[in-house]
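Notes for the one structure printed next.
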Number of protein chains: 2
Amino acid sequence: MNLRQLSDLLGLSQTTVSRALNGYPEVKPATRARIEAAARAHGYRPNMRARGLATGRAMAIGHVIPVSTQHEIVNPIFADFIAGAGETYTAAGYDLLLSVVPDADEAQAYRALKARGAVDGFILHAPKTDDARIRLLGDIGLPFVVHGRSSGVTLDYGWLDVDNRRAFARATEFLIDLGHRRIALINGREALDFAARRRAGYLAALAARGIVADPALMTSDEMTEVSGYRAASAMLEAGDPPTAFLTAALIPAIGVRRAIEERGLKMGRDVSVVTHDDDLSYLANGDDVPIFTATRSSVRLAGRLAAEMLLARIADPAGPAATRLLEAELIVGRSTGPAPGRG
Amino acid sequence: MNLRQLSDLLGLSQTTVSRALNGYPEVKPATRARIEAAARAHGYRPNMRARGLATGRAMAIGHVIPVSTQHEIVNPIFADFIAGAGETYTAAGYDLLLSVVPDADEAQAYRALKARGAVDGFILHAPKTDDARIRLLGDIGLPFVVHGRSSGVTLDYGWLDVDNRRAFARATEFLIDLGHRRIALINGREALDFAARRRAGYLAALAARGIVADPALMTSDEMTEVSGYRAASAMLEAGDPPTAFLTAALIPAIGVRRAIEERGLKMGRDVSVVTHDDDLSYLANGDDVPIFTATRSSVRLAGRLAAEMLLARIADPAGPAATRLLEAELIVGRSTGPAPGRG
DNA sequence: GTCGATTTTCAAAGCGCTTTGATCAACCCA
DNA sequence: TGGGTTGATCAAAGCGCTTTGAAAATCGAC
C-alpha cells in the first residue's frame with residue numbers, strides 16, 4: 001500500500017493524506033481522523049526511500065566498524081553501546097546503519113555513506129590520540145558525535161566521554177590508601193585516547209603520593225583475557241612483583257585473576273585488583289557484592305546519551321558542538337584489600 | 001555531485017552515464033572510460049535512496065535486536081556474528097540495518113522494515129523452539145535466513161546452524177570416557193532452540209552409556225558469569241557433587257571456574273569443565289593451549305556464511321531455501337582430566 | 001445575499017536515479 | 001546508392017514521497 005493507493009481509496013489527494021499523516025495543521029480534524037484510521041487499517045507506512053528522496057534526510061545514523069587483522073574493535077563494549085544508541089534511534093524514528101569495513105577503507109566508508117546520502121550523521125568509536133578521522137568527519141560536514149575524545153584535535157567537535165583520567169587516579173589512590181606501593185597498570189592500547197588518559201591518571205596519582213612509577217609494571221595491549229593473563233603472569237614471576245593490579249576492563253581482569261590464582265595466591269588478600277567496569281549487560285561484575293573493585297560507568301547509557309546528543313545536533317546544527325563528561329563511580333568489591341604485610 | 005551534474009559536465013545524457021557506471025554493454029568503451037574517470041575524479045556515488053526508489057531494492061539487510069528487561073540478547077555472540085555478516089554485506093555492496101526494539105514490538109519491527117521498503121531481507125537471531133517469528137517472516141515475504149533452527153516449525157525456511165546436539169553429545173562422551181559419571185549441564189535458556197538441542201545431546205550421550213541423568217545437575221539460565229557461578233556453587237555445595245561441568249559458553253564457564261577455585265579445588269584436576277566456545281575475537285579461549293576444553297565453532301564465520309546464503313537467496317529467490325549445518329570441533333584444553341579417584 | 005478572510009483541499013513540480021522506447025550515426029551488403 | 005542492421009546515445013517516464021502555489025470550500029460580518 002502506497003500513498004497514491006491510500007489517497008485514491010479515501011478520495012483525497014496525496015497532498016492531504018501526506019499532510020494529515022505528518023501532523024501538519026492545515027487538515028480538518030475529521031479528515032485527519034479518517035485518514036489515520038485508514039492508514040492504520042491498511043498498515044500503510046511511507047516508503048522511506050521515497051520520503052528520504054523528497055526530504056533530503058536519510059533518517060539513519062551511520063556507525064562505521066573497522067575490522068582489522070591487527071586489532072579487534074569488534075568488542076563487547078561496542079555491542080552494548082550500540083544497544084543503547086539503538087534504543088534512542090528507534091524511539092526517534094531513526095535507523096542504525098552499520099558499516100563493517102577493512103580498516104584501511106575506513107575513511108572511504110565515511111565518505112561513501114555521505115555521498116550516497118545514506119545517513120544523517122555519524123558516531124565515531126574508539127578515537128585515538130590526535131585522531132585524523134575527526135578532521136575527516138569535520139570535512140565531510142555531516143553532524144557527528146565522538147564516543148570518547150581525542151587529545152590533540154583542535155577542531156570543535158561533539159563528544160561524550162567518561163572522565164577516565166579521574167577514574168584511574170581515584171582507583172590508584174584507593175590502592176595507595178590500602179598500603180599498596182607496587183601497583184601495576186594493565187592498560188588497553190595506549191594509541192587509544194581513553195587508555196592514554198587512564199595512564200595519565202594513574203601516573204598523576206602515583207606522583208602525588210611520591211611513588212616512582214616503574215615501567216616494568218605498565219603494559220598496554222588489546223583488552224583480552226589472554227593479554228591480561230600474560231601481563232600479570234610475567235609481572236608476578238619477576239622480582240619485586242606488584243601487590244595490586246589496575247586493569248582496563250573486566251575481561252583482562254579475569255585473565256589477571258587467572259594468573260593470580262594459578263600461582264596459589266588469593267585475589268583480594270594476596271593481590272588486589274581494580275578494573276574499569278563498563279557495566280555490560282551480559283558480563284556483570286558479580287551481583288550484590290561486586291567481584292572486582294571497579295570504576296564503573298555504563299557504556300550502554302553512554303550509547304543512549306551520545307545518540308541523543310547526535311539527534312539534537314541533527315535537529316539543530318547551529319552553534320558549538322555539545323560535549324559531555326561522565327563521572328565513573330568507584331565501587332568496592334571483593335578483589336581488593338590491604339597490601340600484604342599491612343593487614 | 002549527482003548524476004545530472006556529472007552528465008552535464010561530460011556533455012552526455014544521464015542515461016549513458018548511468019549505464020556506463022552500472023556496467024551495461026551498450027556504451028562505447030572509450031566513453032565508458034571517460035565517464036568512469038570523471039566519476040572517480042569527482043567522487044560521484046549514486047544516491048542510494050534515489051537508486052533504491054528506481055530499482056525497488058534497498059541494498060540493505062535488516063537485523064532486529066529485541067531488548068528486554070528480562071533477557072539479554074545483546075550479547076557478545078551477537079557482536080561477532082554481526083561483524084562476520086557485515087564483512088559479507090560490505091563486500092557485496094549491501095548495508096546492515098540494525099533495529100533495536102523493545103521485545104514486545106519485535107513483530108511490528110519486521111513488518112515496518114518491510115512496509116517502509118528499508119531492507120531486502122532479514123537475518124533472524126536466537127530462534128526459540130517453535131518460533132512464531134519464522135512464520136511471521138514467511139508471511140512478510142522477504143527472503144530471510146535463520147541463525148539456528150527452530151524445532152516444530154514446519155515451514156520451509158533457510159537456516160545455518162551448528163550441530164549442537166552432536167557437539168554436546170561428543171563433549172559428554174568425552175567426559176564419560178575420562179571416568180566422569182556426575183556430569184552437570186549449565187545450559188542456556190532452554191526456550192532457545194540451540195539450548196534444547198544441546199540438552200538433548202547431553203541426555204542422549206548419558207543414556208547411551210547407561211547413566212541416569214540427575215535433574216539436580218541440570219540448570220538452564222541466561223549465559224552470564226554470575227549464573228554460571230551460582231549454578232556451579234550450588235551443585236558443589238550439595239551432597240554428591242558433580243565431577244564435571246558442561247557449560248553453554250565461555251562466560252558462564254568462567255563463572256564455573258570461579259566457583260571451583262573459590263572452594264580450593266583445581267579445575268582440570270578436581271573438577272573438569274567443558275564449554276562451548278564461539279571463538280569470539282576478544283574472548284579467546286587461551287592461545288596455544290586452550291584454557292577450557294571446548295566444542296568450538298566460530299560465530300563470526302557463521303555470520304559470514306549466513307549472510308552469503310541470504311544474499312544468494314535475494315539474488316535468486318526461487319527454489320527451496322538453503323540450509324547448512326556446521327560441525328563443532330572438540331578441542332582439548334587444560335580444564336579436563338580423569339575423574340578424581342580414577343587418575 | 002455578498003464580499004473578503006480563513007480553512008481546507010488539490011494539482012503539479014521536484015528529489016536523483018533507472019529504464020523503456022526512440023533517435024541518430026555508422027556500417028554492411030546487394 | 002539505398003535499405004536493413006547494428007551500435008551508441010538520448011529524451012522522457014516513473015519510482016513514492018513532500019511541498020509549493022493555486023483553487024475551492026467555508027465562514028463571519030455587513
Side-chain angles (χ1 to χ4, degrees), chain A residues 1-36 38-39 42-60 93-95 112-120 142 315, chain B residues 1-36 38-39 42-60 93-95 112-120:
Chain A
M1 164 89 28
N2 62 26
L3 183 61
R4 169 142 81 199
Q5 293 168 337
L6 185 63
S7 50
D8 284 358
L9 196 92
L10 285 160
L12 290 167
S13 73
Q14 297 188 38
T15 309
T16 303
V17 176
S18 171
R19 293 206 142 129
L21 262 20
N22 287 309
Y24 284 77
E26 54 271 88
V27 180
K28 183 158 59 169
T31 310
R32 185 192 303 275
R34 198 160 65 92
I35 292 172
E36 281 172 349
H42 295 82
Y44 169 74
R45 304 257 186 175
N47 179 299
M48 64 176 299
R49 290 192 300 276
R51 165 186 286 206
L53 192 55
T55 59
R57 297 190 308 153
M59 295 307 283
Y94 276 76
D95 286 320
L113 248 21
K114 151 80 173 188
R116 298 182 328 180
V119 301
D120 298 319
L142 245 32
Chain B
M1 164 89 28
N2 62 25
L3 183 60
R4 169 143 80 200
Q5 293 168 335
L6 185 63
S7 49
D8 284 358
L9 196 92
L10 286 160
L12 291 166
S13 73
Q14 298 188 38
T15 309
T16 303
V17 175
S18 171
R19 293 205 141 130
L21 261 21
N22 287 309
Y24 284 77
E26 54 271 86
V27 180
K28 183 160 57 171
T31 310
R32 184 192 304 275
R34 196 160 67 92
I35 292 172
E36 281 171 349
H42 295 81
Y44 169 75
R45 304 257 185 173
N47 179 299
M48 65 176 300
R49 289 192 300 275
R51 166 186 285 208
L53 191 54
T55 60
R57 298 189 308 152
M59 295 305 285
Y94 276 77
D95 287 319
L113 249 20
K114 151 80 172 189
R116 298 183 326 180
V119 301
D120 298 319

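Naming: A, B, ... by sequence-line order, numbering from 1 per chain. Just so you know, these numbers come straight off a predicted model, no measurement behind them.
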Figure out the [atom1]/[atom2] separation between [X] and [N], and round it to whole Å.
{"X": "Leu3(B)", "N": "dT18(C)", "atom1": "CG", "atom2": "C1'", "result": "9 Å"}
{"X": "Gln14(B)", "N": "dT18(C)", "atom1": "CD", "atom2": "P", "result": "10 Å"}
{"X": "Arg49(A)", "N": "dC15(D)", "atom1": "CZ", "atom2": "P", "result": "13 Å"}
{"X": "Lys28(A)", "N": "dT9(C)", "atom1": "NZ", "atom2": "C1'", "result": "10 Å"}
{"X": "Arg45(B)", "N": "dC17(C)", "atom1": "CZ", "atom2": "C1'", "result": "16 Å"}
{"X": "Leu6(A)", "N": "dT9(C)", "atom1": "CG", "atom2": "C1'", "result": "16 Å"}
{"X": "Leu12(A)", "N": "dA23(D)", "atom1": "CG", "atom2": "P", "result": "20 Å"}
{"X": "Glu26(A)", "N": "dA25(D)", "atom1": "CD", "atom2": "C1'", "result": "16 Å"}

Does some side-chain heavy atom of [Y] sit less than 4.5 Å from a side-chain heavy atom of [X]?
{"X": "Tyr24(B)", "Y": "Arg32(B)", "answer": "no"}
{"X": "Tyr44(A)", "Y": "Val17(A)", "answer": "no"}
{"X": "Leu6(B)", "Y": "Leu21(B)", "answer": "yes"}

**Item:** Most 5' of Ser18(A) and Ser13(B) on DNA chain D, judged by nearest nucleotide
**Value:** Ser13(B)
**Fill in**
Note: for Thr15(B) and Ala54(B) on DNA chain D, the residue whose nearest nucleotide lies more 5' is Thr15(B)
**Message:** Is it the case that the base of dA8(D) and the side chain of Thr16(B) share a donor-acceptor contact (distance under 3.5 Å, atom types as modelled)?
**Reply:** no
Below 4.0 Å: OP1/OP2 of [N] and any side-chain N or O of [X]:
{"X": "Asn2(A)", "N": "dC15(D)", "result": "no"}
{"X": "Thr31(A)", "N": "dT8(C)", "result": "no"}
{"X": "Asn47(B)", "N": "dC15(C)", "result": "no"}
{"X": "Tyr24(B)", "N": "dT19(C)", "result": "yes"}
{"X": "Tyr44(A)", "N": "dC17(D)", "result": "yes"}
{"X": "Arg4(B)", "N": "dG16(C)", "result": "no"}

**Request:** Tell me, yes or no, whether the heavy-atom count around Arg116(A) atom CZ, taken from other residues, nucleotides or ligands under 6.0 Å, exceeds 12.
**Result:** yes
**Prompt:** Hey, does the side chain of Gln5(A) reach the backbone of Asn2(A) with a donor-acceptor pair shorter than 3.5 angstrom?
**Reply:** yes
**Prompt:** Under 4.0 angstrom, heavy atoms only, what part of the nucleic acid is Thr55(A) near: base, sugar-phosphate, or nothing?
**Reply:** sugar-phosphate
**Asked** Counting any heavy atom closer than 4.0 Å, what does Arg19(B) reach on the DNA or RNA strands: base, sugar-phosphate only, or nothing?
**Response** base
**Message:** Let's see if you can work this out: which of dC17(C), dC15(C), dC17(D) has an atom nearest to the side-chain heavy atoms of Pro46(A)?
**Reply:** dC17(D)
